[in-house]
Protein chains: 2
Amino acid sequence: MASEQATMLRINLDHSSPVPLYYQMAKAIEKDIETGALAPGERLENEIALAGRLRVSRPTARRALQELVDLGMLVRKRGVGTQVAPARVHRRVELTSLFDDLAGSGRKPATTVLEYSVGPCAPEVSDTLEIPQGEEVVTVKRLRYADGEPLALMVNHLALEIAPTREELTDLGLYAALRAHGIEIHMAQQQIGARLATAAEARILDEKPKAALLTMERKAFDVDGRAIEHGVHIYRASRYNFSTTLFAQ
Amino acid sequence: MASEQATMLRINLDHSSPVPLYYQMAKAIEKDIETGALAPGERLENEIALAGRLRVSRPTARRALQELVDLGMLVRKRGVGTQVAPARVHRRVELTSLFDDLAGSGRKPATTVLEYSVGPCAPEVSDTLEIPQGEEVVTVKRLRYADGEPLALMVNHLALEIAPTREELTDLGLYAALRAHGIEIHMAQQQIGARLATAAEARILDEKPKAALLTMERKAFDVDGRAIEHGVHIYRASRYNFSTTLFAQ
DNA sequence: CAGTGGTCTAGACCACTTA
DNA sequence: AAGTGGTCTAGACCACTGA
């Protein structure tokens with residue numbers, strides 16, 4: 001039985017481009033899903049027809065489709081076919097920074113750098129960053145605002161040779177500033193907890209003493225496993241929470 | 001130049017097994033990494049030699065290696081080779097349940113089911129579970145202990161036809177009980193926040209009133225995007241925090 | 001039974017890294 | 001220049017689904 005409802009994708013591939021064909025295909029389909037040209041539940045052509053029409057081999061077409069399955073945008077079943085996944089499953093968002101989060105949700109982030117100092121490495125930080133104790137590291141203490149209100153107090157430690165300048169940290173988030181230095185964060189270990197605000201913390205965050213705070217401690221690493229950053233953050237629980245989308249292995 | 005330090009993996013593949021060759025290979029290498037037979041930083045054979053030695057095609061060997069790269073256990077660089085990733089990058093652990101977490105860290109979990117009722121669906125739950133308002137859903141309220149101390153108060157809503165029994169929930173975590181019914185959670189959306197304990201919450205959790213609580217609201221879906229579960233949990237911040245490992249896209 | 005995706009092969013050529 | 005992984009092809013056979 002010929003496929004009754006399969007959508008014919010309009011995709012132009014540039015076979016002479018240095019951009020891999022599977023990548024061009026995946027991006028094109030991804031765009032169609034994001035714009036709604038392909039609706040959730042809609043059926044795609046089978047991979048052999050798709051490959052033939054786009055003049056690529058079947059493994060290449062498969063690879064493109066598999067990329068989108070891994071992203072949760074497509075669902076494939078043997079004997080059935082390929083469908084666009086329900087909208088809510090699309091796109092895992094992970095490892096974004098607070099700055100990006102705020103900017104992305106339309107709130108206006110701003111940062112005050114309260115402290116920017118170079119000093120000997122404390123034992124705890126030494127462990128994380130794998131820098132010998134006593135060697136110099138940069139300590140940064142920042143107050144983050146959203147729409148003019150204080151939101152979070154963040155203390156970070158970085159190795160001297162990779163630390164962004166004070167000015168960069170005022171204009172960008174930490175991760176964006178690191179990226180400008182060619183440093184990509186690949187993995188982070190986080191612990192999220194809660195506690196009551198001290199008097200000093202309450203004052204600086206415009207909360208009452210003993211208000212609820214969200215706490216986050218993070219260690220971040222690059223793709224080679226080098227430790228890049230150690231951070232201890234506190235957030236006003238009245239104004240912020242962590243939203244995450246998790247996927248089963 | 002012949003490879004100087006590449007480790008020769010001892011892998012036996014069963015070419016007549018229904019288990020895919022790439023999967024057998026990936027599992028074998030994964031096991032060697034986990035047991036320490038392959039140490040972090042160690043170099044593997046190049047993929048062509050590996051494929052030849054194991055009598056599989058190069059794409060099959062590549063696929064096995066790629067699986068482990070996706071898991072963060074191997075790092076590959078063009079022109080350089082394949083190495084075992086630093087230990088801390090191995091294995092993303094996601095979407096585990098509190099019960100599994102506790103059992104895994106050697107603490108003894110226990111559960112009391114405080115309430116198990118069937119009743120009409122509240123508007124908020126109706127939205128999440130995509131069950132018409134007023135239709136019946138199961139509401140479960142559980143108190144979780146670790147090592148004899150109360151740790152968390154959890155309220156969950158599930159569709160009638162998939163809800164585990166009261167007895168199952170006493171012996172297992174919610175996700176394990178669902179799994180026993182053939183239901184696999186594939187994705188969950190979570191929000192983690194903090195607030196102060198009410199008098200009633202403090203009493204039941206053995207905390208002082210206005211102690212800090214961690215809050216978590218979760219919606220869980222299966223692989224087809226069907227809503228499975230809606231939960232609102234509170235944790236004693238003095239006894240628990242969320243540990244997560246995040247990976248950049 | 002026809003149609004689908006899942007696995008596998010045996011090559012080819014290219015791009016990047018290191019010395 | 002040698003060695004590595006990255007991409008791509010053109011087939012083959014199998015396993016599962018649904019009518």
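Letters A, B, ... mirror the listed sequences (proteins, then strands); counts begin at 1.
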Using OP1 and OP2 only, check whether a side-chain N or O of A/Arg62 sits under 4.0 Å from C/dG5. no

Can you measure B/Ile48 atom CD1 to C/dA12 atom C1' for me and round it to whole angstrom units? 11 Å

Counting side-chain heavy atoms from C-beta on, which of C/dT9, C/dT17, D/dT9 comes nearest to B/Val80? C/dT17

Select base, sugar-phosphate, or nothing to describe what B/Arg63 touches, counting heavy atoms under 4.0 Å on all strands. sugar-phosphate

salt_bridge(B/Glu184, B/Arg179) N-O dist < 4.0 Å: yes

Taking only the side-chain heavy atoms of A/Pro20 (C-beta and beyond), determine which of D/dC8, C/dT17, C/dT9 contains the nearest atom. D/dC8

Indicate the atoms forming the closest heavy-atom contact of B/Met25 with B/Ala64, along with that distance. CB-CB, 3.5 Å

Here the distance between atom P of D/dT9 and atom CZ of A/Arg55, to the nearest Å, is 12 Å

Can you check whether A/Asn46 has a side-chain N or O nearer than 4.0 Å to OP1 or OP2 of C/dG3? no

Between D/dG3 atom C1' and B/Lys77 atom NZ, what is the distance in whole Å? 16 Å

Check this for me: does any side-chain nitrogen of one of B/Glu34 and B/Lys31 sit under 4.0 Å from a carboxylate oxygen of the other? no

Atom CE of B/Met25 and atom P of C/dT7: how far apart are they, to the nearest Å? 15 Å

Over all strands shown, is A/Leu21 touching base, sugar-phosphate only, or nothing at heavy-atom distances under 4.0 angstrom? sugar-phosphate

Contact class for A/Pro18 (heavy atom, under 4.0 Å): base, sugar-phosphate, or nothing? nothing

Among D/dC8, C/dA15, D/dT7, the one nearest B/Arg78 by side-chain distance: C/dA15

Closer to the 5' end of DNA chain C via nearest nucleotide, is it B/Gly79 or A/Arg76? A/Arg76

Which listed nucleotide (C/dA10, C/dA12, D/dA10) is nearest to the side chain of B/Arg58? C/dA12

Main-chain N/O of B/Val19 paired to B/Gln24 side chain as donor or acceptor, under 3.5 Å: yes

Side-chain contact check for B/Glu47: nearest option of D/dC8, D/dG5, C/dT9 is D/dG5

What's the shortest heavy-atom distance between B/Ala85 and B/Val75, and which atoms? CB-CG2, 3.7 Å

Give a yes/no answer on whether the side chain of B/Tyr22 brings an N or O atom under 4.0 Å of OP1 or OP2 in C/dT7. yes

Answer yes or no: is there an ion pair linking A/Glu45 with A/Arg53, defined by an N-O contact shorter than 4.0 Å? yes

Rounded to whole angstroms, how far apart are CZ on B/Arg43 and C1' on C/dT17? 12 Å

Rounded to whole angstrom units, what separation is found between the CG atom of B/Leu65 and the C1' atom of D/dT4? 13 Å

Mind calculating the distance between OH (A/Tyr23) and P (D/dT7) to the nearest angstrom? 11 Å

Establish, with yes or no, whether the OP1 or OP2 oxygen of C/dG5 is under 4.0 angstrom from a side-chain nitrogen or oxygen of A/Thr82. yes

Look at B/Thr60 and C/dT9 and indicate whether a side-chain polar atom (N or O) is within less than 4.0 Å of OP1 or OP2. yes

Between C/dT9 (P) and B/Leu54 (CG): distance, integer Å: 11 Å

